[in-house]
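To start, the structure under review is shown below, and the notes come after it.
Convention: sequence-line order gives letters A, B, ...; per-chain numbering from 1.
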Number of protein chains: 2
Amino acid sequence: MSNERSFAYTPRVTRRQEILQTAGDLFQRNGYHATSMREIARNVQLQGSSLYAHIQSKEELLRNIVDEAAETFLAAARQVDGSLPPPERLRGLVRAHLGVIRDRLPHATVFFHEWAHLPPDLQRELIERRDAYQAIFRGTVEDGARDGSFVVEDAPLATLFVLSSLNWTYQWLDPYGRLSLDALAERYASLLLGALGADPTDGRGRP
Amino acid sequence: MSNERSFAYTPRVTRRQEILQTAGDLFQRNGYHATSMREIARNVQLQGSSLYAHIQSKEELLRNIVDEAAETFLAAARQVDGSLPPPERLRGLVRAHLGVIRDRLPHATVFFHEWAHLPPDLQRELIERRDAYQAIFRGTVEDGARDGSFVVEDAPLATLFVLSSLNWTYQWLDPYGRLSLDALAERYASLLLGALGADPTDGRGRP
DNA sequence: CCTACCGATCGGTAGG
DNA sequence: CCTACCGATCGGTAGG
């Protein structure tokens, strides 16, 4: 009859996002391999098998999370005006990076911790984007060395140094901490500009 | 009779070390939860169950590795003479930290990535040692701020900055890289001293 | 150090 | 979205 129940289930659009966010939180807290699909399902009030109406596999969850994080970092850095003087540009990059950490802490953490558990072809793609990200920083350091706003004897190492100090911040940055994002970014950038030998009397550097 | 085979097996002393080192390598490469006991066993030419003649559990492996790494970091920092002037002391701490990374890369990586998978009481103990480690750095930064060898407006943040730049180095430090440990540590310390506003004309700072 | 084995749990599928 | 279920694999034990 016309009132027969259809078994072709059409998932809501938002449900997938809910699953991805929950997976991100659990992967952040317990790690990818230590998180079971049933655990994710429980947290979104589903049976384990029902997840597969919304996603294809556990790996797809990780891929989505890591991919979005990589894209967010890269997009934020690309927002920074590349024609700014190197010190201002670095301030912008620091602010961008810390902003992503603050706003996307679970995804960023999963990105840093679990990307190596993806298959080799996806890893290669991620490494490419990481290199593109690093190139933005390296270009800034090198431009500053060239125009004299920075004093660096080893630009590749200085770039690694800058990125190291930023990358680790996901370990301690508290989105609800004592400092506003702007204040934190300003101080962090000031420390980095000091490391790069920028003139402390120039602009907002230390007096 | 007197020649009966005894089934009480007495493990060799070195075998345990071999298992621990292999586990460290595999945990580093694939992560703790993604590494199976049978995989470890295969790499030391044993049956999976035979591992338990040498160790008590998989968790004990992780505990040993993480514990040794934490102890190595702390011991290295404590080797640095606390009566040195703050800039020299920081140079020593940088050199100590990078030395541990270089010499104990697998264990250090597992420490940073997997310590959160240990039970809460062990986590607390590790956090205590991490705090002790950080306190050595904070003391150095504060001493330098007090005696004028550093210029820092926010000592807690500056300490986090120093530790962040060091902690991330396990991601890229190549024990067989282009720079010797001494050269690398010298340059890295020089960057950090610049961040802390140390007088560049003082000692081995930038001219 | 091995053989044999166990209960639990895993990611995922069939079918409706 | 659920019920029922599968093969594979997990960490670990018994017993010698």
Side-chain angles (χ1 to χ4, degrees), chain A residues 1-24 26-27 29-66 110 114 117-119 122, chain B residues 1-24 26-27 29-66 110 114 117-119 122:
Chain A
M1 310 292 275
S2 57
N3 242 358
E4 283 165 354
R5 174 97 193 282
S6 163
F7 288 104
Y9 172 74
T10 308
R12 280 186 288 144
V13 183
T14 63
R15 198 69 174 176
R16 190 168 207 277
Q17 294 303 321
E18 191 188 348
I19 292 168
L20 276 165
Q21 202 206 317
T22 300
L26 291 170
F27 291 170
R29 186 161 47 227
N30 305 321
Y32 174 63
H33 281 108
T35 303
S36 73
M37 294 303 276
R38 284 162 176 83
E39 193 179 352
I40 296 169
R42 211 180 311 123
N43 276 271
V44 295
Q45 317 250 57
L46 284 180
Q47 296 299 317
S49 58
S50 303
L51 288 174
Y52 293 88
H54 305 278
I55 58 151
Q56 292 207 11
S57 67
K58 189 184 183 185
E59 188 190 290
E60 194 211 357
L61 286 176
L62 180 59
R63 200 188 325 136
N64 259 275
I65 290 165
V66 166
V110 174
E114 315 285 358
H117 292 129
L118 286 166
L122 287 169
Chain B
M1 310 298 270
S2 57
N3 241 358
E4 282 164 354
R5 175 97 193 282
S6 164
F7 288 105
Y9 172 75
T10 307
R12 280 186 289 144
V13 183
T14 64
R15 197 70 174 179
R16 189 167 206 276
Q17 294 304 320
E18 192 188 349
I19 292 168
L20 277 165
Q21 202 206 315
T22 300
L26 291 170
F27 291 171
R29 186 161 48 228
N30 305 322
Y32 174 64
H33 280 108
T35 303
S36 72
M37 294 303 276
R38 284 161 177 84
E39 195 179 350
I40 296 169
R42 210 180 311 122
N43 276 272
V44 294
Q45 316 251 57
L46 283 181
Q47 296 299 317
S49 56
S50 303
L51 289 173
Y52 294 89
H54 305 276
I55 59 150
Q56 292 206 14
S57 66
K58 189 183 183 186
E59 189 191 289
E60 194 212 356
L61 285 177
L62 180 59
R63 202 188 323 137
N64 259 274
I65 291 165
V66 166
V110 173
E114 316 285 359
H117 292 127
L118 287 167
L122 288 169

Non-hydrogen side-chain atoms of [X] and [Y] separated by less than 4.5 Å:
{"X": "B:Met37", "Y": "B:Ile40", "answer": "yes"}
{"X": "A:Tyr32", "Y": "B:His33", "answer": "no"}
{"X": "A:Asn64", "Y": "A:Arg16", "answer": "yes"}

Checklist entry - Which stems does DNA chain C form, counting runs of 3 or more consecutive Watson-Crick or G-U wobble pairs with both distances under 3.5 Å? => result C:1-16 with D:1-16
Return the value, rounded to whole Å, for the distance between atom [atom1] of [X] and atom [atom2] of [N].
{"X": "B:Arg15", "N": "C:dC1", "atom1": "CZ", "atom2": "P", "answer": "4 Å"}
{"X": "B:Leu61", "N": "D:dG11", "atom1": "CG", "atom2": "C1'", "answer": "12 Å"}
{"X": "B:Glu60", "N": "D:dG12", "atom1": "CD", "atom2": "P", "answer": "10 Å"}
{"X": "B:Leu62", "N": "D:dG12", "atom1": "CG", "atom2": "P", "answer": "12 Å"}
{"X": "A:Leu51", "N": "C:dC10", "atom1": "CG", "atom2": "C1'", "answer": "14 Å"}
{"X": "A:Arg42", "N": "D:dC2", "atom1": "CZ", "atom2": "C1'", "answer": "17 Å"}
{"X": "A:Leu26", "N": "C:dC10", "atom1": "CG", "atom2": "P", "answer": "13 Å"}
{"X": "B:Gln45", "N": "C:dC2", "atom1": "CD", "atom2": "P", "answer": "10 Å"}

Next on the checklist: Does D:dC1 have its OP1 or OP2 closer than 4.0 Å to a side-chain nitrogen or oxygen of A:His54?
Outcome noted: yes
Item to check | From C:dC10, D:dC10, C:dT13, nucleotide with atom closest to A:Tyr52 side chain | outcome: C:dT13
Checklist entry - With respect to the side chain of A:Ala53, which nucleotide from C:dG12, D:dC1, C:dC1 is positioned closest? => result D:dC1
Checklist entry - With sugar-phosphate meaning primed atoms plus P, OP1 and OP2, does A:Leu46 contact a base, only sugar-phosphate, or nothing at under 4.0 Å between heavy atoms? => result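 Contact class for A:Leu46: sugar-phosphate only.
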Checklist entry - With sequence neighbours excluded, what pairs up with A:Ser49 under the side-chain contact (heavy atoms from CB on, under 4.5 Å) test? => result A:Gln47
Checklist entry - Between B:Phe27 and B:Leu61, which heavy-atom pair has the shortest distance, and what is it? => result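 The pair with the smallest heavy-atom distance is CE1-CB, 4.3 Å.
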Checklist entry - So which heavy atom on A:Asn30 is nearest to which on A:Ala34, and how close? => result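 Scanning both residues, the minimum pair turns out to be O-CB, 3.1 Å.
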Checklist entry - Salt-bridged, A:Glu60 to A:Arg63, with N to O below 4.0 Å? => result no
Report, one pair per line, the protein and nucleotides 3-5 of chain C atoms (nitrogen or oxygen only) whose separation is under 3.5 Å.
from: C:dT3; atom 1: O4; to: B:Ser49; atom 2: OG; distance (Å): 2.8

Next on the checklist: Nearest 0.5 angstrom please: A:Arg42 CZ to A:Thr22 OG1, how far?
Outcome noted: 12.5 Å
Next on the checklist: Applying salt bridge (Lys or Arg N to Asp or Glu O under 4.0 Å) to A:Glu18 and A:Arg15, what does each step give before you reach the verdict?
Outcome noted: CA-CA 5 Å; A:Glu18 191 188 348; A:Arg15 198 69 174 176; 3.2 Å; yes
